[in-house]
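All heavy atoms count here, side chains included; hydrogens, waters and symmetry mates do not. Below, chain A is the first sequence line, B the second, and so on; all start at residue 1.
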2 protein chains.
Amino acid sequence: MTRRVQYEELCEILARIFESVGTPHDIALLLAENCASCERDGAKSHGIFRMKGYVDSIRSGWVNPAATPRIEDVAPSFLRVDARNGFAQPALAAARSLAIGKARKTGACILTIRQSHHLSALWPDIEPFAEAGLIALSVVNSMAVTVPYGAKRPLLGTNPIAFAAPAEGRAPFVFDMATSAWAHGDIQIARREGRPLPEGIGVDADGEPTRDPARVLDGGALLPFGGHKGSALSMMIELLGAALTGGQFSTEVDWSGYPGAATPLTGQFILLIDPALSGGNPFAVRASEFMTNLSAAGLHVLPGERRRRNRAENLKNGIVLTDEEWEQLMTLAPIPGENANAILER
Amino acid sequence: MTRRVQYEELCEILARIFESVGTPHDIALLLAENCASCERDGAKSHGIFRMKGYVDSIRSGWVNPAATPRIEDVAPSFLRVDARNGFAQPALAAARSLAIGKARKTGACILTIRQSHHLSALWPDIEPFAEAGLIALSVVNSMAVTVPYGAKRPLLGTNPIAFAAPAEGRAPFVFDMATSAWAHGDIQIARREGRPLPEGIGVDADGEPTRDPARVLDGGALLPFGGHKGSALSMMIELLGAALTGGQFSTEVDWSGYPGAATPLTGQFILLIDPALSGGNPFAVRASEFMTNLSAAGLHVLPGERRRRNRAENLKNGIVLTDEEWEQLMTLAPIPGENANAILER
C-alpha cells in the first residue's frame, strides 16, 4: 500500500523531526527541504531513507546541528567556511550570497567548506547557482568505503561530483554522480529489497568480488566506476574535498565513539564561474544548442531531466510513499502518527 | 631494430619539421618540446606518431602555425585567449604568467582558449602549474567521434580531462585521461599493430559494437568510459571547452575542405587554484600524506608516476624508437636521413 504526501507537508514533518533532536528551526527547515527535495525528485537514495542517519548522528553527539558556520573571506575569489562540526548545507547557505557576488565580480569563486557533515545529494547545492546564471561544480569526500583501482583496501569515499550550467529557455544541465560504481545509499536500498548487485560494483571483506549487497556493506567495499579513470577522479575529489578545504580525508573519519553516526565529517569544494564573461555567443544559448543536439542524437533524457520530470509530477500529485516508508518515518517523528496524519489532512 | 635518440636531439628534429612547413622558430620549438615530451614519457599516442597529423594540418592550410594569440584580460579571475586558428600550446604559453599572477592574487583563475588546435596530451599543459605550486584542471573538446551513452550517433569528442596538484617532497599528482573509453591515438596504434580492441570501446558505422579498430576509425565511433557517468563528464567538457571558451563544439569541427587535417579546432578550459589559501595544514603536505596512504593501500603506481619513471629512464638512456618509427619521422624531415643522423651523432 502507498500514500501520497504533498512536498510542503513532507518538509514540515521532516523539519519537526530535525527540531525534535535539537536542530534550530531555520536549520531544521533547510535540511528538511533538502531531504524532501531528494524524495520529491525521485533521488530516493538521498530522500527520507536517510532520516534515520541524520537523527542517529545528531543523537550520538557526532554532529552539532546548532553549529554556527564561520565564514573566512580570504581573497577576491576564494571563500572558506568552517562548518564547525555542523551540516554542510547551512554552511553553504551562509556563504552563498557572498560567493555569488565574488563570482560575478571576478569571474570565478572557490568556496571551500570544512568540518562539515554532508549526507545528501549534491545537486540541491548547485542547481540553484545554475538557476542564478552561474556554472557550478562541486565535489565532496565521504568515508573510506571504496578501493582505489589497483589497490587492496578502501581509501576513498563514494566521492560524488556534480556539475550544473544554465541553458537558455530550458532547465539547467545538471548531473550528480558518485565516483564509486554505485552510491552507498543505493547499495543499502538493494540490501533492504533483497536485490543482488550487478558485477563490478563491490568486494567483500576479503577483497573478493561479490554481488551480495550485505557482504559489501558489512566489512566489504565498493569499487570505483570506470576502473582507473573513476579511481583517479575520486582521488582528485579527496584532494579538493579534504586537502584544499582543510577538512578530513575519507580515511580520517572516525565515528567509532558515536554509535549510530552516519554523516561523514569531511569537506566540500564548490567552484562558481560567471559565464557572462565567456567569449563568443552567450553561454546559455550555446548550452541550449548543445542540449538540443543531444536530443536530436537520440538521447531521450538529458542530465537532470528525470529529476525535473519527477518534480513536476510529484508537486502536482504528491510524493508516493509506501506504508513501510511512512511507518519508518513515523518511528522518528516527535508527533504521534495520527497527528502527523492530521498535518497531511490539513 | 631500434635506436635510442636523446630528448634534446628529438626536439631539434621535430622543431626542424615544424619549421619546414612554415612554423616560426619559437612556436616550432614549443610544439617540438611538447611532442618530444610525450614520446619521452611513454605517452606514445601523443608522441612522434602525431607528427604526420601536425604536418598535414599545417600543409592543408587548416591551422595557421604562425598565428599570434590575442589575450583578453576580462576580469580579475578570468582570462580569455583567442588562438586565432593557431595551436593551443603557444596560446597557453602567451597567457601563462598573467594567469598565474591572477590565481596568486585572487585565489583562482579561469583561462579559456578558443579557436585553438590541440592534438597533444593535456598533462604537459598543467604539470608545470603544479610544479609552480598551483592546482590545475584542464579539459579540451575535440571532434565528434564518441556516442553519448544512450544516444545513437557521435556528438562528443574524446574530450580529455586532466588534473595536477603539488605534493610536498615528491612529484605532483597528475592524471590525464580521455572521457572516451580509449584515446583516439590508442585506437590508431591498435589498427597499425593489428590488435583487436577489448569489448565496450567502440561501435561500427551502423552503431553496432565492434572490436576491430579499423571499423571504429572508418565511420564508426568510440563509446564513453564508465557508461552514463563518463558520458556526462564528456558533456561537461563540451560545455566548458566550447560554450564557455567561445570555441566550437566537437560536432562543429568541419575540416572537410582541408585534406589531411587532423587537429581539432575547438577550445580549452583551464582552472587554476592557489592552494596557499586552503584552510588547515598546507595543501601540498596533505596531498603528500594522501599519496603515501595510496601507496600503503597497495597502489604501486600513483597517477603521473609511470610518466615520471619513463622520463627519468629516457632522459638517461635516450628514447627508444623503432626503425619504422624513425623512417616515418624521416619522411617528414626537411633534412635527408644522413643529416638527421648527423644531428644524432653530434
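- Both the backbone and the side chain of A:Pro275 have a heavy atom closer than 4.5 Å to some heavy atom of chain B.
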How about the chain B/chain A donor-acceptor pairs under 3.5 Å, what are they, with distances?
| unit_1 | atom_1 | unit_2 | atom_2 | d |
| --- | --- | --- | --- | --- |
| B:Ser77 | N | A:Thr106 | O | 2.8 |
| B:Ser77 | OG | A:Ser77 | OG | 2.5 |
| B:Arg80 | NH1 | A:Leu277 | O | 2.5 |
| B:Arg80 | NH1 | A:Ser278 | O | 3.3 |
| B:Thr106 | O | A:Ser77 | N | 2.8 |
| B:Lys152 | N | A:Ala297 | O | 2.7 |
| B:Ala178 | O | A:Lys229 | NZ | 2.8 |
| B:Ser180 | O | A:Lys229 | NZ | 2.8 |
| B:Ala181 | O | A:Lys229 | NZ | 3.3 |
| B:Lys229 | NZ | A:Ala178 | O | 2.8 |
| B:Lys229 | NZ | A:Ser180 | O | 2.8 |
| B:Lys229 | NZ | A:Ala181 | O | 3.4 |
| B:Gly247 | O | A:Arg286 | NH2 | 3.0 |
| B:Glu252 | OE1 | A:Arg286 | NH2 | 2.8 |
| B:Glu252 | OE2 | A:Arg286 | NH1 | 2.8 |
| B:Leu277 | O | A:Arg80 | NH1 | 2.6 |
| B:Ser278 | O | A:Arg80 | NH1 | 3.3 |
| B:Arg286 | NH1 | A:Glu252 | OE2 | 2.8 |
| B:Arg286 | NH2 | A:Gly247 | O | 3.0 |
| B:Arg286 | NH2 | A:Glu252 | OE1 | 2.8 |
| B:Ala297 | O | A:Lys152 | N | 2.8 |

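- The contact between A:Leu294 and chain B is made by backbone and side chain atoms together, counting heavy-atom distances below 4.5 Å.
- Heavy-atom distances place both the backbone and the side chain of B:Met235 under 4.5 Å from chain A.
- Across A:Val147, A:Ile110, A:Leu233, the residue that shares the most heavy-atom pairs under 4.5 angstrom with chain B is A:Leu233.
- Highest contact tally toward chain B, considering only A:Gly107, A:Ala232, A:Ala108, A:Gly246, is held by A:Ala232 [criterion: heavy-atom pairs under 4.5 Å].
- Looking only at heavy-atom pairs under 4.5 Å with chain A, the residue among B:Ala243, B:Gly226, B:Ala75 that has the most is B:Ala243.
- Note that CG of A:Leu244 is 4.5 Å distant from CD1 of B:Ile135, once rounded to the nearest 0.5 Å.
- Contact annotation for A:Phe283: both backbone and side-chain heavy atoms come within less than 4.5 Å of a heavy atom of chain B.
- Heavy atoms of A:Leu79 lying under 4.5 Å from chain B are absent altogether.
- Counting heavy-atom pairs under 4.5 Å between each of A:Leu155, A:Val74, A:Leu277 and chain B puts A:Leu277 at the top.
- For A:Ala103, no part lies under 4.5 angstrom from a heavy atom of chain B.
- Chain B forms the most heavy-atom pairs under 4.5 Å with one residue out of A:Gly298, A:Ala297, A:Ala151, and that residue is A:Ala297.
- Taking each heavy atom of A:Met236 and B:Phe175 in turn, the nearest pair found is CB-CE2, 3.8 Å.
- With a threshold of 4.5 angstrom between heavy atoms, A:Ala165 approaches chain B through side-chain atoms but not through N, CA, C or O.
- When each of B:Leu302, B:Leu156, B:Ile161, B:Leu240 is checked for heavy-atom pairs under 4.5 Å with chain A, B:Leu240 comes out on top.
- For A:Ala296, the parts lying under 4.5 angstrom from a heavy atom of chain B are both the backbone and the side chain.
- Options B:Pro224, B:Gly280, B:Gly279 differ in how many heavy-atom pairs under 4.5 Å they form with chain A, and the most are formed by B:Gly279.
- The part of B:Ile273 that comes within reach of chain A is its side chain, from C-beta onward, which places non-hydrogen atoms under 4.5 angstrom from that chain.
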